[in-house]
Amino acid sequence: MRLAADFPSTTRDDWRALALGVLRRSGVDADPEAALATDTYDGVRLAPLYDAGDLPELRGPRPAHRGWDVRQRHAVPDNEAVLADLENGVTSLWLALAPRDLERTLRGVHLDLAPVVLEAGERTAEAAAVLLSLGAGVRGNLGAGLGDHAVALARRCAAEHEGLRAIVVDGLPYHDAGGADVQELGCTLAVGVAHLRALTAAGLSVEQALGQLEFRYAATADQFATIAKLRAARLLWARVAEVCGGAGEQVQHAVTSSAMMTARDPHVNLLRTTLACFAAGVGGADAVTVQPFDAALGAPDGLARRLARNTQALLLEEAGVGQVADPAGGSWYVERLTAELAERAWSWFQEIEAVGGILAASGLVSARIAATRARREDDIAHRRLPITGVSEFPNPGERPVRRPAGGRVERYARPYEELRDLADAQPERPAVFLATIGPVAAHTARAAFAANLFHAGGLRTLTSGPGTDPEAIASAFAASGAAVACLCSSDQLYAEHATPVAQALRRAGARKVWLAGKGTHEGVDARLYAGCDALEVLRTTFDDLGVAR
């Protein structure tokens with residue numbers, strides 16, 4: 001029985017005709033597929049509609065496993081916290097600790113059951129020696145990178161420690177620096193190939209060298225991009241292995257993005273990390289780390305760690321995400337996006353190889369990532385890329401949490417949060433006066449828009465209430481103690497009242513008069529509108545209010 005048998009058949013042309021009708025009512029007369037398409041930072045065109053004709057000819061290897069390893073990161077030596085994690089759903093540990101702290105942190109941990117991944121940087125060899133001294137059945141990864149005694153550790157693991165890898169090919173630094181998905185994929189591919197060259201030159205076989213690598217990728221709240229990125233990574237590495245004469249699946253560790261996390265309204269991070277974890281699982285990651293919602297504030301507390309591990313438990317046990325291998329396989333959109341990411345990442349990898357490999361290409365890589373970061377920052381400034389709880393729908397009454405935080409990640413929310421911090425540091429929170437012209441129905445939409453924008457920088461807003469009398473509005477402004485005002489009303493009322501109200505505000509001492517909406521009016525200095533540079537508006541307002549930045 002065909003479930004769709006009673007429905008009329010439709011074609012792509014039918015959809016185009018219907019979509020065009022809607023666009024024309026909005027004043028747009030263009031090809032619907034072109035008008036509704038968007039481009040990623042990698043230049044991949046995302047179409048509004050996909051069908052079977054979009055399936056690529058080449059489809060990548062599918063993950064054979066179901067479920068994933070729940071991996072919790074610890075950057076503070078805390079044996080009690082480690083044991084609590086392992087007793088409550090965590091199945092492996094990622095330890096970013098000094099070598100001297102490893103033994104006491106791992107006290108009571110069954111290392112033959114719970115894999116351990118190290119992150120020790122220049123002290124990798126020392127940390128590895130400590131871990132290897134704790135038992136013969138250690139599993140996991142020693143966390144070596146290029147130059148971190150990787151070859152010696154890999155040779156030892158290959159010869160003596162089955163189930164223990166030596167090397168992590170880490171894409172997080174490229175992501176955290178502002179890179180896009182293709183840049184992260186191409187760079188990790190180049191790093192992986194550099195390791196293969198070094199290991200095979202030291203005498204390991206191709207199969208042994210491949211068996212010493214684990215890849216780490218960022219997972220973001222853009223679920224389809226994350227799913228496609230992990231699938232593309234598997235496809236790309238399979239091609240590398242094939243060219244080298246080897247075989248085997250790429251081992252993937254997905255980590256919820258640090259760059260997407262916010263210090264303000266941090267509980268919203270629970271939503272971001274849930275989406276990212278779901279995408280990582282659907283994308284086929286072998287291990288997933290969900291960062292605690294308060295990670296941007298510093299070392300997480302026990303509640304945050306519990307919520308992080310329970311996010312994974314819910315998706316695995318209650319939602320059953322891990323019960324199907326490659327659930328996105330066959331999706332027209334995901335398959336096409338996977339193929340396009342893979343093609344562009346391979347081209348980027350070839351650019352890196354053409355200049356001598358990942359180490360020789362550091363300047364090229366930095367410049368390319370900087371350009372992507374600048375484009376994203378511009379989108380964030382203009383709120384084309386909204387950040388919930390920060391640039392959109394901020395909580396003006398929030399009391400920020402202060403904790404010591406280490407490291408520097410290019411978090412997307414940072415520019416707004418710095419302004420929020422500046423506002424918090426003032427003896428009294430700076431305020432902007434909203435001159436709400438006309439009845440409530442006429443000014444509410446633009447007053448809400450303006451308030452939301454100013455709140456994103458930590459500024460208070462005060463309103464005049466409904467009315468059109470310029471002198472009454474100016475008196476309310478003077479009584480408010482504010483120095484900056486913003487007119488809020490409809491275009492129709494602006495035509496009659498914007499100029500006299502702006503002039504009255506000027507006489508009452510307004511240093512700057514904004515207008516929410518369109519049009520040029522005497523006495524108005526600048527406009528707020530959807531797509532304006534919100535960060536520039538906020539910085540200018542701080543300057544006009546006499547707050548030193």
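Heavy-atom basis, side chains included; hydrogens, waters and symmetry copies ignored.
- Rounded to the nearest 0.5 angstrom, Gln312 CD and Asp69 CG are separated by 8.5 Å.
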Practice task
Starting from the C-alpha separation in whole Å, work towards a yes-or-no answer on side chain to side chain contact (heavy atoms under 4.5 Å, CB included) for Leu204 and Arg155.
Solution key: CA-CA 7 Å; Leu204 271 67; Arg155 293 179 67 175; 3.2 Å; yes
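- One finds the CG atom of Leu142 at 5.5 Å from the CG atom of Leu132 (value rounded to the nearest 0.5 Å).
- Under the 3.5 Å distance criterion, with hydrogens and angles disregarded, a donor-acceptor pair is assigned to the side chains of Gln252 and Arg234.
- Under the 3.5 Å distance criterion, with hydrogens and angles disregarded, a donor-acceptor pair is assigned to the side chains of Gln291 and Ser258.
- Note that CZ of Arg239 and CG of Leu189 are 11.5 Å apart. Values are rounded to the nearest 0.5 Å.
- No side-chain donor-acceptor contact under 3.5 Å links Asp42 to the backbone of Val44.
- Looking at Thr289 and His253, their side chains do bring a donor and an acceptor atom within 3.5 Å of each other.
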Exercise for the section: Check the pair Leu49 / Arg16 against side chain to side chain contact (heavy atoms under 4.5 Å, CB included), numbers first and verdict last. Expected result: CA-CA 10 Å; Leu49 181 71; Arg16 288 192 185 102; over 6 Å; no
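- With Tyr50 as the partner, the ring-ring contact (aromatic ring centres under 6.0 Å, His included) test is satisfied by one option alone out of Phe224, Trp332, Tyr333: Tyr333.
- Between the side chain of Arg165 and the main chain of Gly211, a donor-acceptor pair closer than 3.5 Å is present.
- There is no side-chain donor-acceptor pair under 3.5 Å between Tyr217 and Asp181.
- Geometrically, Arg264 does not engage Tyr416 in a cation-pi contact defined by less than 6.0 Å to the ring centre and at most 45° from the axis.
- Counting only distance, with no hydrogens or angles, the side chain of Glu214 and the backbone of Val251 share no donor-acceptor pair below 3.5 Å.
- The structure places CD of Gln72 at 10.5 Å from OG1 of Thr91, a figure rounded to the nearest 0.5 Å.
- In this structure a side-chain-to-backbone donor-acceptor pair under 3.5 Å is present from Glu184 to Ala218.
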Practice task
With side chain to side chain contact (heavy atoms under 4.5 Å, CB included) as the test, would you mind laying out the steps for Asp378 and Arg384 before giving the verdict?
Solution key: CA-CA 8 Å; Asp378 186 66; Arg384 293 186 291 264; 2.6 Å; yes
Counting only pairs under 3.5 Å, give me each side-chain donor-acceptor contact of residues 114-123, with atom names and distances, residues two or more places apart or in other chains.
| residue | atom | partner | partner atom | Å |
| --- | --- | --- | --- | --- |
| Glu119 | OE1 | Arg73 | NE | 3.3 |
| Glu119 | OE1 | Arg73 | NH2 | 3.2 |
| Glu119 | OE1 | Trp94 | NE1 | 3.0 |
| Glu119 | OE2 | Arg73 | NH2 | 3.3 |
| Arg123 | NE | Glu126 | OE1 | 3.2 |
| Arg123 | NH2 | Glu126 | OE1 | 3.2 |
| Arg123 | NH2 | Glu126 | OE2 | 3.0 |

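- With sequence neighbours left out, the salt bridge (Lys or Arg N to Asp or Glu O under 4.0 Å) criterion links Arg156 to Glu160.
- Note that CD of Gln208 is 9.5 Å distant from CG of Leu199, once rounded to the nearest 0.5 Å.
- A donor-acceptor pair is defined here as one N or O able to donate and one able to accept, closer than 3.5 Å; such a pair exists between the side chain of Asn269 and the backbone of Pro266.
- Side chains of His74 and Thr105: no donor on one and acceptor on the other come within 3.5 Å.
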Practice task
Give the C-alpha distance, both sets of side-chain angles, the deciding distance and a yes or no for side chain to side chain contact (heavy atoms under 4.5 Å, CB included) between Val82 and Arg107.
Solution key: CA-CA 9 Å; Val82 163; Arg107 189 174 298 121; over 6 Å; no
Mind listing the side-chain donor-acceptor pairs of residues 355-368 below 3.5 Å, one per line with the distance, residues two or more places apart or on another chain?
| residue | atom | partner | partner atom | Å |
| --- | --- | --- | --- | --- |
| Ser366 | OG | Ser362 | O | 2.9 |
| Arg368 | NH2 | Glu351 | OE1 | 2.9 |

